[in-house]
Amino acid sequence: MDIEYVRSRFVKHFDGTTGSVYASPGRINLIGEHTDYNGGFVFPGAVDKGMVAEIKPNGTDKVRAYSIDLKDYVEFGLNEEDAPKASWARYIFGVCREMIKRGVEVKGFNTAFSGDVPLGAGMSSSAALESTYAYALNDLFGENKIDKFELAKVGQATEHNYCGVNCGIMDQFASVFGKEGHLIRLDCRSLEYQYFPFKPEGYRLVLVDSVVKHELASSAYNKRRQSCENVVAAVQKKHPHVEYLRDCNMEMLNEVKAQISEEDYMRAEYVIEEIQRVLDVCDALERNDYETVGQKMYETHHGMSKLYEVSCEELDFLNDVAFDCGVTGSRVMGGGFGGCTINLVKNELYETFISTAKERYKEKFGRSPKVYDVVISDGSRKLC
Ligand code: GLA
């Protein structure tokens with residue numbers, strides 16, 4: 001995240017003056033995938049890669065936005081009918097609208113931004129962008145009266161209302177609440193959260209990026225969410241207190257087996273098991289039992305691949321390579337359909353694993369995976 005670079009572009013692109021600079025990170029998730037919109041637990045942390053934006057009110061009612069990485073410039077108004085066409089600009093527009101809906105008097109501004117979260121890699125570059133602007137607009141136009149949870153919800157509502165993804169709260173939450181050296185267990189039903197120091201001795205966390213982009217995955221994602229809601233609706237007939245899959249167990253799922261599709265059954269089975277795995281991993285971490293953590297990660301991969309069906313050939317391959325190399329834990333991370341595996345690797349195995357994964361992946365798919373070491377970092381903030 002390079003402030004000087006963003007500043008130099010901002011100064012060059014606009015009127016030569018400077019504004020305020022804000023940043024928000026992408027995220028990893030140790031375990032708890034597709035559990036957030038089911039009221040379950042997630043276990044993410046913010047990373048050292050993110051978005052940096054310089055912003056300055058311009059005294060008009062227009063936003064003038066420059067994407068440094070895409071070299072694309074867009075201007076838009078702040079009313080509902082002013083939505084820009086460029087998908088990157090819709091994130092900024094959506095955040096403006098959601099802040100306005102919450103009573104913030106957003107005015108026109110000039111802005112330039114750049115990021116180093118790899119796009120489509122499952123590390124939530126879009127949440128980083130949303131959180132950056134939500135945090136900035138709250139500071140510049142809202143006297144910081146919107147609390148951090150609501151800022152995360154602004155990002156989530158932007159996805160729902162302006163970008164067509166019915167996502168949960170995990171990515172925006174992790175981006176806003178991130179804390180250096182800590183993972184955060186979030187209960188997505190009560191929104192209670194707890195920071196867990198995460199400095200596994202003798203191990204490293206590393207992402208292996210399949211470089212398969214998951215950009216076209218939003219309809220498949222929304223379909224998974226729909227399956228979960230179908231199951232909840234069926235279970236509710238007998239158990240009216242059930243609001244989310246979080247409130248169901250396998251016995252309740254089996255009671256409705258005949259009334260739901262086989263596909264919906266598989267989706268719900270995965271979610272019910274995955275919610276439990278997050279709790280098991282937290283317990284194991286408290287005992288420094290990384291073998292159990294790793295085993296649960298493999299179970300998650302299996303569930304995401306076979307029951308939730310959000311993996312792909314390339315990610316399954318990377319997971320197999322990790323297993324063959326003796327890596328402690330490995331699984332597809334984030335929404336799926338592409339992006340990275342997250343791997344918990346013993347220090348002494350690290351070099352062999354990375355070189356083997358690169359070599360075998362290249363041999364099979366003709367291109368090299370990318371590798372990112374995980375550095376757990378702070379959440380949204382003002383840089384200057
Ligand atoms: C995406 C969504 C999150 C979450 C994950 C899967 O990243 O934005 O809300 O559902 O997928 O865990």
Side-chain angles (χ1 to χ4, degrees), residues 24-47 50 91 94 117-131 134 149 152-178 183-189 191 193 207 209 213-229 244-246 267-268 270-275 277-278 281 296-297 299-301 303-305 307-312 315 331-342:
S24 290
R27 60 106 189 90
I28 53 117
N29 185 27
L30 186 63
I31 199 152
E33 231 53 275
H34 292 275
T35 48
D36 56 356
Y37 53 83
N38 286 302
F41 295 94
V42 291
F43 204 21
V47 292
Y91 291 107
V117 191
L119 299 182
M123 294 165 76
S124 297
S125 54
S126 59
L129 185 59
E130 291 147 8
S131 306
F149 263 119
K153 287 183 189 165
V154 162
Q156 184 192 22
T158 296
E159 296 277 353
H160 290 191
N161 299 330
Y162 300 94
C163 308
V165 183
N166 292 329
C167 65
I169 192 70
M170 171 169 73
D171 304 349
Q172 293 79 9
F173 171 84
S175 184
V176 173
F177 283 81
L183 297 179
I184 326 168
R185 186 180 73 190
L186 172 69
D187 178 334
C188 299
R189 188 175 60 188
L191 294 185
Y193 63 98
L207 307 182
D209 185 353
K213 301 278 175 232
H214 70 182
E215 274 147 16
L216 298 172
S218 48
S219 61
Y221 181 95
N222 294 346
K223 210 172 152 220
R224 298 299 181 285
R225 186 168 183 159
Q226 187 56 52
S227 285
C228 297
E229 284 166 12
Y244 298 106
L245 279 183
R246 158 81 179 279
R267 306 299 188 238
Y270 162 77
V271 170
I272 291 170
E273 291 171 356
E274 179 72 353
I275 291 172
R277 278 192 285 266
V278 183
V281 160
K296 296 288 162 193
M297 290 168 77
E299 287 174 18
T300 294
H301 186 87
M304 285 177 83
S305 177
L307 296 174
Y308 221 62
E309 297 181 295
V310 293
S311 185
C312 60
L315 289 165
R331 65 177 195 80
V332 37
M333 187 184 77
F337 311 105
C340 298
T341 57
I342 179 167

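In this chain, residues are counted from 1 in sequence order. Quick caveat, the model's predicted, so the values are computed rather than measured. Start at 1 and go down the list; that is how both ligands and their atoms are numbered.
Every atom of ligand 1 with a heavy atom of Y37 under 4.0 Å away is listed here by number and element: 10 (O). Here is the list of ligand 1 atoms found below 4.0 Å of a heavy atom in D36: 3 (C), 4 (C), 9 (O), 10 (O).
What sits closest to atom 10 (O) of ligand 1 on the protein, heavy atoms only, is Y221 OH, 2.6 Å. Nearest protein neighbour of atom 5 (C) of ligand 1, counting heavy atoms only, is M170 CE, 3.8 Å. For atom 7 (O) of ligand 1, the nearest protein heavy atom (residue, atom name, distance) is D171 OD2, 2.7 Å.
The distance criterion of under 3.5 Å between nitrogen or oxygen atoms is met by E33 with respect to ligand 1. Ligand 1 has no nitrogen or oxygen under 3.5 angstrom from a nitrogen or oxygen of S124. Among the atoms of G168, some N or O lies under 3.5 angstrom from an N or O of ligand 1.
Between E159 and S126, the side chains place a donor N or O and an acceptor N or O closer than 3.5 Å (distance only, hydrogens not considered). Looking at S131 and S175, their side chains do bring a donor and an acceptor atom within 3.5 Å of each other.
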- Evaluate the criterion side-chain contact (heavy atoms from CB on, under 4.5 Å) for residue pair L186 and F41; output intermediate values, then yes/no. CA-CA 6 Å; L186 172 69; F41 295 94; over 6 Å; no
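In this structure the side chain of V281 never reaches within 4.5 angstrom of the side chain of M297, judged on heavy atoms.
The only option from T35, N38, T300 that meets the side chain to side chain donor-acceptor pair (under 3.5 Å) definition with E274 turns out to be T300.
Classification of E309 and R224 as a salt-bridged pair fails, no side-chain N sitting under 4.0 Å from a carboxylate O.
The aromatic ring centres of F149 and F173 sit less than 6.0 Å apart.
Under the 4.0 angstrom criterion for non-hydrogen atoms, R27 is in contact with ligand 1.
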